[in-house]
Amino acid sequence: MNATAEAAVRQAVEGFRAVHGGEPAGVWAAPGRVNLIGEHTDYNDGFVMPLALPHTTRVAAARRDDGVLNVHSADVPGDTVRLHVAKLAPGVVGGDGGDGGTGGWAAYPAGVVWALREAGVFPGESGRAAGGADLYVHSDVPAGAGLSSSAALEVATAVALDGLYGLGLTPERTALLCRRAENEFVGVPSGIMDQMASACCTAGHALYLDTRDLTCRQVPFDLAAEGLRLLVVDTRVQHALGDGEYARRRAGCEAAAAALGVRALRDVPYGELDSALARLADPALRPLVRHVVTEDQRVREVITRLDAGETRAIGPVLTAGHASLRDDFAVSCPELDLVVETAVAAGALGARMTGGGFGGSAIVLVEEAGAEEVGAAVTDAFAAAGHRAPRLFEAVPSEGARRLDR
Ligand code: GLA
């Protein structure tokens, strides 16, 4: 354990003791992510390439044998939320009152327990003793910043419960159960990218993932060795996927796939894009299809470049991806556009929004020598435009979900 992990474990253990009394059986962690390329492709069965951030959500946990789930977050003011595992249902979190509503943060851990119960793997099913847990949550993944704080909370909860009860979950199964929690229990129609990133990423790599069959490849992504940096710029414009715009894009893509007679937009070959667009009667669907099909192609191009050792050449592909998200998919915002324009003008190799959009964060690929200048240019441009100061940090490709106290 390094010093940072040690401090995080100590904090989680002390927090657990203060809130729940007694000792946790362990401390587990799951990271947030940025996505390098492949945006809004995951619910179209397409390709993505996320990497895990060093920022994690930690869960200190202990078993209970009374079917009660007590969840406490150090990051959200309020009391411990007490829930009954057997009563959990979408829309009915099953608490004793307090902040147990499906809209609250507790819906994420509760949704994971519900998904495990529905899958028949949580103790209490099939005549086993009623399982429960005391959970203490603490996170440094910025919330609402498009960096997958929700997936980090879900996956950290799942790996903690797996650790407590020996559920034998693979990382892929963990990701699928967590997505089910988010889709069906919390009610956000997200794809599988964020949960797979949090569960499966490894340090020093980006995860090249086919979201149709979940096959993935760990792609070495050691920017420091090449004199490069990947900056994250959190615009601090709060993004919320639950507000309907994300769901509308997803519904539009599904309608377009149906109109084109394919299972998902991934099945429209890049070389047949123009004829597919011409066949679409509804003009509103065309830019959605153009984005998804060209974005899958950009993922292929990035993987080709990385495999050839031409990391710098991915810069323009990232910037082209931003233009597509801004102009065709219409999920950017003025602050994200300002990051990209300013960074590229200041000499960055490429930049794009990352995650769902409508606010949140952008990534910027820069030469190490120019990183400070590019960061300062973005900060100055925000001040000049009267925007809140953005938060900048480096994306160092980090480890996925793991037990932290061993
Ligand atoms: C959010 C969703 C993901 C993915 C991205 C856009 O992060 O949770 O499933 O759709 O938006 O690429």
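Each ligand, and each atom within it, is numbered from 1 in the order the structure gives. What you see is a predicted model, and the numbers here were worked out from it, not measured in a lab. Here, residue 1 is the first one in the sequence, and each next residue gets the next number.
The existence of a salt bridge linking Arg249 and Glu245 is confirmed by a sub-4.0 Å separation between a basic side-chain nitrogen and an acidic carboxylate oxygen.
With ligand atoms numbered from 1 in the order given, ligand 1 contributes 3 (C), 4 (C), 9 (O), 10 (O) to contacts under 4.0 Å with heavy atoms of Asp42. Of all the atoms in ligand 1, the ones that sit under 4.0 Å from a non-hydrogen atom of Tyr43 are 10 (O). Taking every non-hydrogen atom of Arg33 and a distance limit under 4.0 Å, the qualifying atoms of ligand 1 come out as 7 (O). Close approach of ligand 1 to Met193 (heavy-atom distance below 4.0 Å) involves ligand atoms 4 (C), 5 (C), 12 (O). For ligand 1, the atoms sitting less than 4.0 Å from at least one non-hydrogen atom of Gly191 are 9 (O), numbered in the order shown with element in parentheses.
Residue Tyr246 has at least one N or O atom closer than 3.5 Å to an N or O atom of ligand 1. The distance criterion of under 3.5 Å between nitrogen or oxygen atoms is met by Glu39 with respect to ligand 1. At under 3.5 Å, not a single nitrogen or oxygen of Ser148, backbone or side chain, sits near a nitrogen or oxygen of ligand 1. In terms of polar-atom proximity, defined here as any N/O pair under 3.5 Å, Asn35 makes no such contact with ligand 1.
Aromatic ring pairs are classed by plane angle as parallel below 30°, tilted from 30° to 60° and perpendicular above 60°; the pair His387 and Phe382 is perpendicular. Under the 30°/60° scheme for interplanar angles, the aromatic rings of Tyr43 and Tyr246 are found to stand perpendicular.
For CD of Glu372, the number of neighbouring non-hydrogen atoms (other residues, nucleotides, ligands) closer than 6.0 Å is 12 at most.
Results of the side-chain hydrogen bond (donor to acceptor under 3.5 Å, both in side chains) test with Ser324 over Glu39, Glu295, Arg298, His40 single out Arg298 as the only residue that passes.
Remark: Arg326 pairs with no residue by the side chain to side chain donor-acceptor pair (under 3.5 Å) rule, at least two apart or across chains. Listed by chain and number, the residues in a salt bridge (charged side-chain N to carboxylate O under 4.0 Å, His left out) with Arg403 are Asp405 (sequence neighbours excluded).
Looking at Thr211, Asp194, Ile37, it is Asp194 that brings a heavy atom closest to atom 7 (O) of ligand 1.
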